[in-house]
Structures are given as C-alpha cells and as structure tokens.
2 protein chains.
Amino acid sequence: MARQPTESRQVEIISTMVRLAAERNPADITTTDIANAMAVTQGALFRHFPTKEAIRLAVVEWIEERLMQEIDAARAASIDALAELKGMFMAHVRFTIAYPGVPRLIFAELQQPDGSAVRERVQLIMQRYRKTLAISLAQAMEAKLIRPNVDVQAAAALFLGAIQGLVMQSMLSGPMAKAEHQAAGVLKLYLAGLGVES
Amino acid sequence: MARQPTESRQVEIISTMVRLAAERNPADITTTDIANAMAVTQGALFRHFPTKEAIRLAVVEWIEERLMQEIDAARAASIDALAELKGMFMAHVRFTIAYPGVPRLIFAELQQPDGSAVRERVQLIMQRYRKTLAISLAQAMEAKLIRPNVDVQAAAALFLGAIQGLVMQSMLSGPMAKAEHQAAGVLKLYLAGLGVES
DNA sequence: TACTTGTAAGTAACTTATTACATACATCAC
DNA sequence: GTGATGTATGTAATAAGTTACTTACAAGTA
C-alpha cells in the first residue's frame with residue numbers, strides 16, 4: 001500500500017541512506033536495511049534505482065547539492081573574504097551536525113577503488129571546494145585581512161583537515177553536536193595560523 | 001609447501017592486510033584476498049587466527065605498537081616541547097607515507113558500530129595519542145614556546161585534523177608521498193596558530 | 001486499457017568458517 | 001643416528017549465511 005511515484009521514493013531512499021549512515025558503517029548498509037527502514041520490500045528499491053551503485057551516486061549528488069548550497073549561501077552573506085572563510089567553516093560544521101552520516105558516506109566513497117564513478121564524483125566535489133577556499137584565501141590576503149605570505153595550498157588542506165578533525169573526534173567520543181563549541185575553538189586556532197588576531 | 005610456524009604467519013597475515021589496504025577499501029578485503037596474496041588457501045588463515053575479527057584486532061594492535069613507537073622515539077629525540085610537537089607530526093606523516101593503508105584501516109574501524117572490540121581498541125589509541133599531545137602542548141605553553149592562551153583541546157584536535165587533511169588529500173589526488181612536502185607547509189601553518197614565529 | 005509501483009519468492013555469486021584428510025617436523029626411546 | 005609418534009600446518013571441499021538483483025504476478029492510477 002501507499003504507492004508513491006518514483007521521484008518521491010528516490011528522495012526517500014536517499015535520505016534514508018543518509019539517516020542510517022549516521023549510526024552505522026555506510027559500507028554495511030544493505031538494500032534490505034534501507035527497505036526495512038522505509039517499510040517496503042527489498043525488491044521495491046529496484047523500481048526506483050537500477051543498481052545499488054546508482055543509489056550511492058544519487059546520495060553523493062544530494063550531498064553535493066545541499067552542502068554546496070549552504071557553503072555558497074554562507075559566502076554570499078559575508079562582507080569580506082575573511083568573513084567568508086569563517087562563514088563557510090561554520091556552515092560546514094552545522095551541516096555536519098545536521099547530517100552526521102554525510103562525512104562518513106564521503107569517506108566511505110573515498111575508500112573506493114580508483115575509477116569508481118561515485119569516487120570520481122566525490123573527487124570533483126572536493127576539488128571544487130578546495131578551489132572555492134583558495135579564492136577566498138587569496139582575496140583575504142589581497143585585502144590584508146590575513147598575513148601576506150600564507151601558503152594557500154596548505155591553508156586549504158588545513159581548513160578541510162580542521163573539519164575532519166572535528167568529525168573524527170565526534171566519531172570517537174559521541175555526537176557531533178557536542179563538537180560544535182569545540183568548532184569555534186578550532187576555527188579560532190586556524191585563523192590565528194593565518195595571522196588573524198582575535 | 002613452505003610450511004611456516006604460526007608466529008611468522010600471523011605477522012605475514014597482518015602485513016598483507018596493511019599492504020592490501022593501501023590500494024583497496026579495507027572493508028572489501030576478504031580472507032580470500034589475503035590468502036591469495038600470501039599464496040595459501042583461504043582456509044589456512046584460520047590455522048593462525050580464529051576469526052576474521054581477530055585478524056582485524058591484530059592489525060590494529062600492530063599499528064598501535066609501530067606508530068606509538070615512532071611517536072615516542074620522536075618525542076624522546078626532542079630538546080623541548082615545541083620540538084616534540086614538530087617531531088611527532090613529521091613522524092606521523094612519515095609513518096603514513098610508509099604505510100598508506102594504516103589511516104584507511106583506522107578510519108574503517110572507527111566506522112564500525114559501537115561496542116565492537118576493534119573499534120574500542122582504536123578509541124583507546126586515539127585517547128592515548130590526544131593525551132600525549134595535550135602534555136606536550138601544556139609543557140610548550142609553560143616554557144613560553146607557544147603563546148600562553150592556547151586552547152589545548154582545540155590544538156590537539158587540529159593536530160590530528162591536520163594529518164587527516166593530508167591523508168584525505170592523498171586519497172583524492174594520488175600517493176601520500178607527494179603530500180610530504182605539503183606536510184611541512186601545513187605544520188608551519190599549524191604552528192603559526194600556536195603563535196610560533198618562523 | 002496501459003503503465004507504474006508494489007510484493008513474494010527465487011537465484012547466482014560471494015564470504016566466513018568448518019571438516020576430512022595429508023604431510024612436514026620436533027621429540028624421544030632405543 | 002634411526003625410526004616411531006604426536007602435533008602443527010597445509011589443502012580441498014563444502015556448509016551456512018548474506019547480498020544484490022530478477023521474475024512472476026497483483027493492484028493502484030492516469
């Protein structure tokens with residue numbers, strides 16, 4: 001019962017996957033797990049996606065759309081390049097708190113062997129993200145909001161690492177929500193590395 | 001043929017797992033994969049470990065032993081707390097270059113559900129590591145080698161995140177070896193956050 | 001009526017672990 | 001030394017369970 005069109009089922013499958021990934025190893029989530037969580041039979045999933053890999057790809061695309069939207073919104077709401085960096089950092093942290101399964105899914109896909117379509121999509125997202133960061137960093141340098149001799153590549157890597165460090169900590173010691181006030185501390189430390197006085 | 005005692009086979013199984021994890025998703029490495037790489041039959045593995053989980057636990061214990069040995073050696077060879085931090089960072093990076101499978105294995109185990117014996121072991125390693133970092137950071141503050149108002153918790157989290165950021169970058173764009181010179185840049189940036197002039 | 005979405009059952013492939021059996025090897029009586 | 005014996009390590013086959021995906025059929029919906 002409760003028949004639904006493919007479009008809404010696809011969304012449901014994606015969000016169920018993201019939800020389940022918050023508490024389990026994404027690699028261990030089976031089509032049966034997803035179907036049970038949706039109260040349909042396992043075979044029903046294949047009415048809406050041809051393969052499991054197609055589901056994983058759709059999940060990654062969903063993440064890209066949502067996360068990049070948040071990042072871009074934070075950037076747009078900023079008055080200068082330094083505010084952009086702060087805003088993107090906190091937006092990313094908030095997104096991770098809202099969807100704790102997301103970093104786990106991303107990392108699980110990064111572990112996939114070379115040539116996997118899903119993996120390459122994740123690589124594209126990260127490249128795009130790094131490029132955005134590099135632009136803001138360069139602008140901040142030009143506007144003398146950060147010190148003039150910052151290694152932009154290292155700064156972009158450390159930005160992502162800082163977030164990843166918070167994620168790892170939440171995976172170690174409890175819910176990501178607890179890490180939110182820690183996030184402010186880490187951001188402050190990161191900005192100090194860029195020469196920002198606080 | 002080429003019978004070998006259990007002790008050496010156990011070591012071989014562990015190092016084969018670590019080696020395979022450098023190029024594949026650790027979650028996808030089967031006992032058949034390990035056995036093939038060792039040129040024995042799949043069943044032979046169970047002469048030396050009772051279950052696959054026992055293999056995974058042994059791998060984690062091997063990592064702990066080796067990594068912590070490197071970290072401690074780097075600490076011991078340092079003249080002050082700041083040199084300790086630098087030494088530990090670079091030792092960790094070098095270890096990751098030598099064994100690219102290690103961070104993947106650690107992360108894969110962290111994804112495991114709560115209560116898993118292997119996961120809890122990894123948690124212990126990370127706690128121990130963080131504690132070591134906190135001590136060095138506190139000492140460095142006391143000796144006025146870094147600025148006096150560093151948030152030690154955030155600094156420990158960012159230290160691990162900085163390494164994790166390098167690992168993610170290598171997973172994105174190629175071998176970890178390429179990331180070595182990047183590591184120096186990230187370390188410099190991290191230390192700048194602690195108020196270290198360079 | 002024609003198409004879409006669902007179920008129930010089944011299948012092929014894969015994975016961990018076990019079992020029956022074979023053989024190398026250390027130990028020890030002699 | 002030599003040979004017997006028990007144990008450790010290996011193979012081949014297979015059991016038992018799981019997973020992604022398919023198929024035959026039913027029923028809702030435009």
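Computed over heavy atoms, backbone and side chain alike; hydrogens, waters and symmetry mates excluded. Chain letters run A, B, ... following the sequence lines, proteins first and then strands; every chain starts at 1.
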- Starting from P on C:dA8, measure out to CG on A:Leu45 and report it in whole angstrom. 14 Å
- Hey, is the side chain of A:His48 poking within less than 4.0 Å of OP1 or OP2 on C:dT4, counting only N and O atoms? no
- If you draw a 6.0 Å radius around CD in A:Glu61, do more than 12 non-hydrogen atoms from other residues or ligands fall strictly inside? yes
- Within-4.5 Å side-chain heavy-atom neighbours: A:Leu158 and B:Leu158: yes
- Query: Should we count CD of B:Glu23 as having more than 12 external heavy atoms under 6.0 Å?
  - Reply: no
- Does any N or O in the side chain of A:Tyr190 come within less than 3.5 Å of the main-chain N or O of A:Ala155, such that one atom is a donor and the other an acceptor? yes
- Are the side chain of B:Arg104 and the backbone of A:Gln111 linked by a donor-acceptor contact shorter than 3.5 Å? yes
- Message: Measure CZ/B:Phe49 against C1'/C:dA17 and give the value in whole Å, please.
- Response: 16 Å
- Query: Under 6.0 Å from the NZ atom of A:Lys52, do we count more than 12 heavy atoms belonging to anything else shown?
  - Reply: yes
- Task: Go along nucleotides 19-30 of chain D 5' to 3' and tag each nucleotide: B for a protein heavy atom under 4.0 Å from its base, S when only backbone or sugar atoms are that close, - otherwise.
- Result: SBBB-B--BB--
- Please state how far atom CD in A:Glu7 lies from atom C1' in C:dC3, giving the value in whole angstrom units. 14 Å
- Task: Measure the distance from CD on A:Gln4 to P on C:dC3 and round it to the nearest whole Å.
- Result: 23 Å
- Is there a side-chain polar atom (N or O) of B:Arg9 under 4.0 Å from OP1 or OP2 of D:dG10? yes
